[in-house]
Protein chains: 2
Amino acid sequence: MGLDEKLLNEYWTDIYFLLHYPHKEKVTHQVIRIMQLIEKKETVGIGDVAEYFGISHNTASEHVKRIIEKGFLVKNRDKADERKVILALTTFGQKVLQRNTSLDGEKLKQVLAGMTEEERQHIESAFQLLRERSIDVCSV
Amino acid sequence: MGLDEKLLNEYWTDIYFLLHYPHKEKVTHQVIRIMQLIEKKETVGIGDVAEYFGISHNTASEHVKRIIEKGFLVKNRDKADERKVILALTTFGQKVLQRNTSLDGEKLKQVLAGMTEEERQHIESAFQLLRERSIDVCSV
DNA sequence: AAGATTATATCTTATATAACGATATAAAAC
DNA sequence: GTTTTATATCGTTATATAAGATATAATCTT
């Protein structure tokens, strides 16, 4: 019996626990998830946020308002349809998101530095493969 | 130039974004982080929570109280030193934590099912290696 | 052009969370 | 028997979360 989803998840959560950033900012879960959606999807507006999280449009609007007040997001109006808002992360917002979802850059650098070129190649192709197949399966 | 920490983080966050569970529970960020600490470390008490997150002991105590009220945690007293509390996740708490930090089991199963045994082996050894080296670097 | 629809914003209200200082308790150490 | 350690509780303050009701402003329909 080879790799199953349980074992892979154990690796996954262990690695995150070991390498995550020390969380400084007091950012809530919702805020991070909204920023993550905006970073990973093309054009995201208020309605998309509401739909994705199953909350009402006014709640989504207030979330976005608060996130903008913190300086993590900016609003742009859609040129083609001025009713629509297009949300984008500020550079500061990108940093905050990174510190809350990525692996700690410095620690990761150290880990990679301690590897041979072959090992790094091995890891790269594994992650690349897992991402590719994930895209195939989650064709949303 | 091979794999650097930026590229690996791109893979990492993409995979998480694609494969994460649809977040149902309204759990806050702090709650998840505290549960994660309790799951991954040996014996965790109130003081450990306070120290790890840089909050006061009373705040930590209240956090834990609320988490227990939700049914995610249980408190046990240390037999050797009855002042000390030893925190443990309930099965429900484990499920909630899983849904908020792991990759979605069903989606992951599908992804793995679409792979050859060789590919799975490749991914397993890559994750195993990354975890091992992370433990070495983060000798906390 | 008038009315309907769509996308977002604001106001109000209710509840939950986060954090801390001050204080209390109870076990263990000295 | 006092001090220290580990945790708990109370009171308070600030902020976050969520939604209903309502408003605005652009676009679509006829």
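In what follows, chains are A, B, ... by sequence order, proteins preceding strands, each numbered from 1.
Protein atom CD1 of A:I86 is 15 Å distant from nucleotide atom C1' of D:dA26, rounded to whole Å. Separating the NZ atom of A:K79 from the P atom of C:dA7 is a distance of 20 Å, rounded to the nearest angstrom. In this structure, CD1 of A:I46 is placed 15 Å from P of D:dA18, rounded to the nearest angstrom. Between A:E51 atom CD and C:dT8 atom C1' there is a gap of 15 Å when expressed in whole angstrom units.
Judged by closest nucleotide on DNA chain D, B:D48 is the one of B:D48 and A:R66 placed further toward the 5' end. Closest-nucleotide positions on DNA chain D for A:V31 and A:D78 were compared, and the one nearer the 5' end corresponds to A:V31.
Residue B:K65 holds its NZ atom at 14.5 Å from CG of B:L73, rounded to the nearest 0.5 Å.
The closest donor-acceptor contact from the side chain of A:R77 to the backbone of A:R83 lies under 3.5 Å. Judged by distance alone, the side chain of A:Y21 and the main-chain N or O of A:V96 form no donor-acceptor pair under 3.5 Å. Not one N or O on the side chain of A:D78 forms a donor-acceptor pair closer than 3.5 Å with the backbone of A:V85.
A close approach under 4.0 Å does occur between a side-chain nitrogen or oxygen of B:H63 and OP1 or OP2 of C:dA18. Phosphate proximity of D:dT27 to A:R77: absent, as no side-chain N or O sits under 4.0 Å from OP1 or OP2. Close to D:dA16, at under 4.0 Å from its OP1 or OP2, lies a side-chain N or O of A:K70. OP1 and OP2 of D:dA18 both lie 4.0 Å or more from every side-chain N or O belonging to A:T59. Side-chain N/O atoms of B:K75 include one lying less than 4.0 angstrom from OP1 or OP2 on D:dA8.
With hydrophobic clusters built from ILVMFWY side chains whose heavy atoms lie under 4.5 angstrom apart, A:F53 does not share a cluster with B:V27.
Remark: the A:T28 side chain and the D:dA16 base include no donor-acceptor N/O pair separated by less than 3.5 Å.
A:K40 and B:T13 share a side-chain donor-acceptor pair at under 3.5 Å.
Using a 4.0 Å heavy-atom cutoff across all strands shown, B:E62 reaches at least one base atom of the nucleic acid.
Residue A:K6 qualifies as open at atom NZ: its count of foreign heavy atoms under 6.0 Å is 12 or below.
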Could you go over nucleotides 22-27 of chain C and give all protein N or O partners under 3.5 Å, atom names and distances?
| unit_1 | atom_1 | unit_2 | atom_2 | d |
| --- | --- | --- | --- | --- |
| C:dA22 | N6 | B:N58 | ND2 | 2.9 |

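Of the candidate nucleotides C:dA19, D:dA18, D:dT7, D:dT7 has the atom lying nearest to any side-chain atom of B:V85.
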